[in-house]
Amino acid sequence: MPMYQPSSRREVDSSQVLDLETAVKDGVLGGGGGGVITTAAFASDKLDLKIMIEELESMDVPTVFICPISLEPMHDPVTLCTGQTYERSNILKWFSLGHCTCPTTMQELWDDSVTPNKTLQQLIYSWFSQKYLAMKKRSEDVQGRVKEILENLKKIKGQARVQALKELRQVVQAHGSAKKTVVENGGIGLISSLLGPFTTHAVGSEVIGVLVSLNLNLNSKSDLLQPAKMSLIVDILNEGSIETKINCTRLIGMLMEGTDFASENIASLSLLVGLLRLVKDKKHPNGVLVGLSLLETICSHESVRSSFVNVGAVPQLVELIPGLTNECLELVLHVLELLSSTPEGRLALKDCPNTIPNIVKLLMKASENCTQLALSILWAICKFAPEECASLAVDAGVAAKLLLVIQSGCNPMLKQRSAELLKLCSLNYTTTIFISKCKLTRTIQ
Amino acid sequence: MGLLCSKNRQHTEADTEENAQTAEIERRIEQETKAEKHIQKLLLLGAGESGKSTIFKQIKLLFQTGFDETELKSYVSVIDANIYQTIKILYDGSKEFAQNDVDSSKYVLSGENQVIGEKLSEIGSRLDYPRLNRELAEEIGNLWKDSAIQETYARGNELQVPDCTHYFMESLQRLSDADYVPTKEDVLYARVRTTGVVEIQFSPVGENKKSGEVYRLFDVGGQRNERRKWIHLFEGVTAVIFCAAINEYDQTLFEDEQKNRMMETKELFDWVLKQPCFEKTSFMLFLNKFDIFEKKVLNVPLNVCEWFKDYQPVSTGKQETEHAYEFIKKKFEELYFQSTAPDRVDRVFKVYRTTALDQKVVKKTFKLVDETLRRRNLFEAGLL
């Protein structure tokens, strides 16, 4: 049973006579700043307390309103003979469990009656009403502001346009209701139309910043997938700050979701190179994750893979492996696995000196998925160039790892693959030499 | 000793003055070098007739004082020359087609026009051209309207017919005026093969009226024999503006009628990209003459050019034009990445669709180029 510790309250100036409204309005009760409200609001009983409490969830509720038992705001506060107040249903439950004490003071109750605390109930109601109506007004203000900005955007140009878009972006990111307003007032179409062949970076990056926070329907997506607009988004991705790069990447990901567009139209070489640059930037792990996700989506389309290999993706991705989080590791490995399905990919993987050591290290390390992907890649390379790769793999300690896989609780497919790979790697060695190369302990031997 | 002493003293006085002068000169040199460092060097490169000089003229019109009356008048002889040369090419062309073509009759001129044609052909082969007057203008106009000449013009890609043909031929009246002063547009269309190097220095004024970067723009001749002069300009270049005329996929070089112009541009671009001094240089690719390309691509398939042989048309009208444009852009992009070593991949590479004759387009395009270069500077200074 948590002990209810009343926090220190602000001293009420006893010389002042406080009425209900003033007490609430001046924030005397503490908890969150006051909102400006009219008295008329009090009369409105249409405001349901439950709903208000729900919508104002994130607000700091004054401690006096909180039930010591549930730590939730009280709907129907009742007071015991000890003077402590609780939520009716909670204290009744406490009694039904056989207790005859006041939960907070631990005193034995000489009187088990509960008195409804009407004063407190009214206070709670009016406090929440005030906050709720203030919030609603702010929300309406936001909506009004959004509509104003959208109207403005139809007319202004240059620096003013950039400023308006910046403001729109901030409002949309801060208020959920703003997003709805933008969509309902044709905002998506309007700002998408600002993206054209002569759009400056300043304007374009702000537009993308707004679009990425909104829900785009199929029409909007098709419009943005036009080659001229995609080129612009890719250019902005390549030139922008890290925040802009992430926004562009996420936007492209959103556009590719749920559309049947062939990746080859979207995934230009500039985009692929730009994404590679993004994922190599270890100073910004957010960017790495977002970039790898998009690369994974793009590489799921066969036609793009060889172009991607041709811009030098493989060695750059292999270099990336040490030091990645597990989530990123899975993505990188998946991309490499997809690339290994092409002959250029296999060749590039074989030619990169760090492929085998980096990937062998990942066996049985991060997750089962990672092991599976790593195994798949190793299999592909060793099948492709067994003479070269088998010995490299063995030198990198693959045999011990494979044995670990076989002996582990992984799924049978993995174990079988491991066994096959082990066999492949051991082909050129006599048993004794192989075993010595494996650096195995006696028991495993 | 004494003599030596006194001599020394005299020297010291003279020395001090000399030192002061040297110091002043050195200070000046340092100032200039510093100032030079802030000037960004832009190089216009590309094959012959790709639009480099037109861009150059546009920049002059946009960011300098433009052309004064004397300069404008200096173009009269150029325009005259263009007209005579063009009509000669067309007339000689029609004779060639009349001789060799299966359908020869359509290239045969009317008797009257044949006479005019011979006369104009003779004028066109001179070194000095007469000023265009009413009479000549009328004769040229009549010849131009002859169906044989029009038929020949339709096959202009097989000859060396310049792009300004239609523009000038339709304005003969105005151009033959005794008091004719060329308009800005006339100057933009006027064609002179650049030889050597021309440069201007300018500063694009931004929206805030603050002065922006200082640029020095160099224009060069594009024909093969001019390119050996390029190498002298390659040091310390901030950005190369490479012009490629995308309408030229069915035309051959002026200096080598066996070579397809687009293939020439492809090889040239590749060569430029690999130059060691351009390791950190930004590349702005202007895919130029879009206006002419737009009309041509619907009638002449891209696959006549070997580089574009794998092109598949998808639809008609504007959609098709866009699709064809994107195809070409992709080809250039592929070429860029193929020709760029991994350690250079970080240099800026952007593609712009341009129509160099359209001042608005050039202005907007340049604004973007300027923005990119400024961002690049901030990035390199670690401020971005």
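Every chain is numbered from 1 and lettered A, B, ... according to where its sequence line falls, protein lines coming before strand lines. Values below: all heavy atoms of this structure, side chains included; hydrogens, waters and symmetry mates excluded.
- With salt bridges taken as basic N to acidic carboxylate O contacts below 4.0 Å, one links B/K331 and B/D310.
- Contacts between A/P227 and chain B at a heavy-atom distance below 4.5 Å involve backbone atoms as well as side-chain atoms.
- In this structure, B/D270 does not pair ionically with B/K266, as no charged nitrogen and carboxylate oxygen lie closer than 4.0 Å.
- Counting heavy-atom pairs closer than 4.5 Å to chain A, the top-ranked of the candidates B/Y325, B/Y336, B/F337 is B/F337.
- For chain A, the option among B/H323, B/E371, B/E326, B/K364 with the highest count of heavy-atom pairs below 4.5 Å is B/E371.
- When the options B/T265, B/L273, B/N288 are evaluated for a side-chain contact (heavy atoms from CB on, under 4.5 Å) with B/F242, the one that passes is B/T265.
- Both the backbone and the side chain of B/T365 have a heavy atom closer than 4.5 Å to some heavy atom of chain A.
- A salt bridge between A/K245 and A/D281 is absent, with no side-chain N of the basic residue lying under 4.0 Å from a carboxylate O of the acidic one.
- For chain B, no part of A/S307 is nearby; none of its heavy atoms comes within less than 4.5 Å.
- Using a 4.5 Å cut-off between heavy atoms, B/E334 contacts chain A through both its backbone and its side chain.
- Note on B/E322 versus B/R353: salt bridge recorded, some NZ/NE/NH1/NH2 to OD/OE distance being below 4.0 Å.
- Chain A forms more heavy-atom pairs under 4.5 Å with one residue of B/V351, B/L368, B/V361 than with any other, namely B/L368.
- Both the backbone and the side chain of B/E333 come within less than 4.5 Å of a heavy atom of chain A.
- B/F278 and B/F234 have tilted rings, their planes meeting at an angle from 30° to 60° on a 0 to 90° scale.
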